[in-house]
There are 2 protein chains.
Amino acid sequence: MLTKQELEKYWAEASKIYLNHISIDCVVFGFHEGQMKVLMLKSNNEEAWYLPGGFVLNEEPIETAANRILKERTGIDEIFLRQFHVFGDPDRSKFHNDIYRDMLPKEQNFFNQRFISIGYYALVDFVNVTPTPDAFSEMCTWRDLDDLPQFQLDHELIFRTALDTLRLQLNYQPIGYNLMPKEFTMPELQKLYETILDKKLDRRNFQRRILAFGILNKLEQTRKGGAHKAPYLYEFNLENYRAALKEGLQGGW
Amino acid sequence: MLTKQELEKYWAEASKIYLNHISIDCVVFGFHEGQMKVLMLKSNNEEAWYLPGGFVLNEEPIETAANRILKERTGIDEIFLRQFHVFGDPDRSKFHNDIYRDMLPKEQNFFNQRFISIGYYALVDFVNVTPTPDAFSEMCTWRDLDDLPQFQLDHELIFRTALDTLRLQLNYQPIGYNLMPKEFTMPELQKLYETILDKKLDRRNFQRRILAFGILNKLEQTRKGGAHKAPYLYEFNLENYRAALKEGLQGGW
DNA sequence: TTAACATGGTGTAATTGATACACAATTGTA
DNA sequence: TACAATTGTGTATCAATTACACCATGTTAA
């Protein structure tokens, strides 16, 4: 918990170096042991959780800002990031239950202004992430998608919109390079799709379809150690993957 | 051309009622006589054209702001509007050739700050629009997509991104309700698709596919007066159209 | 008046893609 | 060593897409 003095310093600093009225919120998706996860922070004032976020430096491109913010929370440098929506309701950024709000006069309180928030979603490889709290959180951890806490502000809407966008994206973009380890099995990749879509897929048809995209390389080795038949390992064919990202998967018209 | 005095008043007003650092730019698409068009304004200082845009009032939702801005430029109240991207490079809003820039000291110049611009694209029925210039333009008119003028700032990028998004959208969303008149023929609708995609489509396959979506009602009458066989008229089935907008057209996974 | 022409309405065969299955192979364990 | 669970591969069926052909209708110009 920050003292009043620390707060004063923080806010004085913030309003000098950051653009007013603009914030960034990130929905960071990870995948581990068959579970889709989202990175969240627990407020150190209340029982509410929020998404990693921050502000834009005076002379900083917004993409850079999003990357910087995520680097601070995850330790990862090059992250797959995508803008998905801007949240701009006038009352979205009212902190109703925040102790900090009343600790300083309104004029000095950088946080008490109206923020238009640019939403990014990120796909990251779970094992590379070192969740790191920020100044207002006592905890930063992965939360399972089917066991989400109470959200602060409009962060539930932001999360929901990100997930919907990701699901839509799945229909015309390859996904997974940033969520899977370097080598993975077909069932593992299928599990990712099933988790994102919250829907079972046919094993054989999934394989045929995803192979037809031409974005995978089949490797010689198999994944030993499981209690059953050893599945083949695959890796992404980065060249084709990137091409598919640009041109889309299945053409409409 | 505004005088220095008018400018001072304008800017003094602007910084009081609008949020700093945030702007909105709109790419308004129309369709007339087989041509795709975009609404643009000609700067009254230079030979450059720009897209309809504006700012967000202190307590105004951003969607409302976009609608208000477009109402001022087109006269239309209920417009099909969609957020498509945020443009946030630090140097995107530097007015390099603008006479206004030097007319007032930097501090008072609302326009001389950095703007993060939220891009919206709009689809409107050409005939309902009354193009109306703003304070900085001598002209507001439709421009053909294949005869575009020189753009101000990064408005060419904004336009390009909007068009790319629209083309992608065409693959999983119905479109046309906002671009076509109430009643139209199949060839007219096809022309719209061909224009947006910049690609010829097979007449018969187009018809089968678009009818399969179930978003059209076939009418009894035909369009008389053309130099050839009278084509049937269609209208959109609003109920199915809305449903298709929500759920997408062709399912992926 | 009528043939030429441009355009619109409708249909069909061939190919491709999606779906719903079945069966054999492999691995660790009881 | 048989069993259960899982993976690899194949195929029959149905739906969608593509590439065409043919007839109908209204205008125009001989």
Side-chain angles (χ1 to χ4, degrees), chain A residues 33-34 170-174 176 180-181 183-195 197 199-235 240 244 247-253, chain B residues 33-34 170-174 176 180-181 183-195 197 199-235 240 244 247-253:
Chain A
E33 289 178 350
L170 222 53
N171 289 327
Y172 57 94
Q173 301 253 288
M180 301 297 288
E183 302 183 344
F184 50 89
T185 67
M186 195 56 78
E188 284 166 0
L189 183 60
Q190 182 182 337
K191 186 84 191 156
L192 169 65
Y193 273 76
E194 290 183 336
T195 310
L197 295 168
K199 173 157 91 177
K200 283 254 164 278
L201 299 173
D202 183 277
R203 195 165 62 84
R204 296 146 286 191
N205 296 333
F206 176 80
Q207 168 149 337
R208 195 197 342 274
R209 188 157 168 191
I210 204 113
L211 285 178
F213 293 155
I215 56 171
L216 294 182
N217 294 333
K218 187 173 184 172
L219 303 177
E220 291 302 309
Q221 320 99 290
T222 52
R223 160 100 73 232
K224 299 279 184 185
H228 306 287
K229 178 170 182 176
Y232 281 101
L233 287 173
Y234 292 84
E235 63 179 12
N240 292 356
E247 306 181 10
L249 284 177
Q250 52 239 81
W253 295 95
Chain B
E33 289 177 354
L170 221 54
N171 289 326
Y172 56 94
Q173 299 255 287
M180 302 295 290
E183 300 183 345
F184 51 90
T185 68
M186 196 56 79
E188 284 166 359
L189 183 60
Q190 182 181 339
K191 185 86 190 153
L192 169 65
Y193 273 76
E194 290 183 335
T195 310
L197 295 166
K199 175 157 92 175
K200 282 254 164 279
L201 300 173
D202 184 280
R203 194 165 62 84
R204 295 147 285 190
N205 296 334
F206 175 81
Q207 169 149 341
R208 190 192 350 266
R209 190 157 166 189
I210 204 111
L211 284 178
F213 292 154
I215 57 171
L216 295 182
N217 295 334
K218 187 173 184 173
L219 304 178
E220 293 302 310
Q221 317 99 295
T222 53
R223 160 98 75 231
K224 301 278 184 184
H228 305 288
K229 178 170 182 178
Y232 281 100
L233 287 173
Y234 292 84
E235 62 179 11
N240 293 355
E247 306 182 10
L249 284 178
Q250 54 240 78
W253 294 94

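Every chain is numbered from 1, with letters handed out A, B, ... down the list of sequences.
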I'd like to check the side chain to side chain donor-acceptor pair (under 3.5 Å) partners of B:Gln207; sequence neighbours left out, ordered by chain and number. none
Answer yes or no: is there a side-chain heavy-atom contact under 4.5 Å between A:Tyr193 and A:Ile210? yes
Contacts of A:Lys218 meeting salt bridge (charged side-chain N to carboxylate O under 4.0 Å, His left out) (sequence neighbours excluded), chain-then-number -> none
Do any N or O atoms of the protein come closer than 3.5 Å to N or O atoms of nucleotides 1-3 of chain D, and which pairs are they?
none

Set of residues satisfying ring-ring contact (aromatic ring centres under 6.0 Å, His included) with respect to A:Tyr234, sequence neighbours excluded: none
Atom CE of A:Met186 to atom C1' of D:dT9: distance rounded to whole Å? 12 Å
Distance check needed: D:dA24 C1' versus B:Tyr232 OH, whole Å only. 10 Å
Please check this pair: side chain of B:Gln190 against backbone of B:Leu201, looking for a donor-acceptor N/O pair closer than 3.5 Å. yes
If you check every side-chain atom of A:Gln207, which of D:dT9, D:dT7, C:dG8 has the closest atom? D:dT9
When the nearest nucleotide of DNA chain C is assigned to A:Lys229 and to A:Arg203 on a heavy-atom basis, which residue is associated with the more 5' position? A:Arg203
Produce the list of close N/O pairs, under 3.5 Å, pairing protein atoms with atoms of nucleotides 28-30 of chain C; give distances to one decimal.
from   : atom 1 : to       : atom 2 : distance (Å)
C:dG28 : O4'    : A:Ala227 : O      : 3.2

Compare side-chain N and O positions of B:Lys218 against OP1 and OP2 of C:dT10 and report whether any pair is under 4.0 Å apart. yes
If the condition is side chain to side chain donor-acceptor pair (under 3.5 Å), which residues does A:Glu183 pass it with, not counting sequence neighbours? none
Pairing residues for B:Arg208 by the salt bridge (charged side-chain N to carboxylate O under 4.0 Å, His left out) criterion, not counting sequence neighbours: none
Distances for protein N or O near nucleotides 10-16 of chain D N or O, under 3.5 Å:
from   : atom 1 : to       : atom 2 : distance (Å)
D:dT11 : O4     : A:Arg208 : NH1    : 3.3
D:dT11 : O4     : A:Arg208 : NH2    : 3.3

A:Thr195: which residues meet the side-chain contact (heavy atoms from CB on, under 4.5 Å) condition with it, sequence neighbours left out? A:Phe31, A:Met36, A:Lys191
Go through the structure and list residues passing side chain to side chain donor-acceptor pair (under 3.5 Å) with B:Arg204, not counting sequence neighbours. B:Asp202
Quick one: list whatever passes side chain to side chain donor-acceptor pair (under 3.5 Å) with A:Asn240, sequence neighbours left out. none
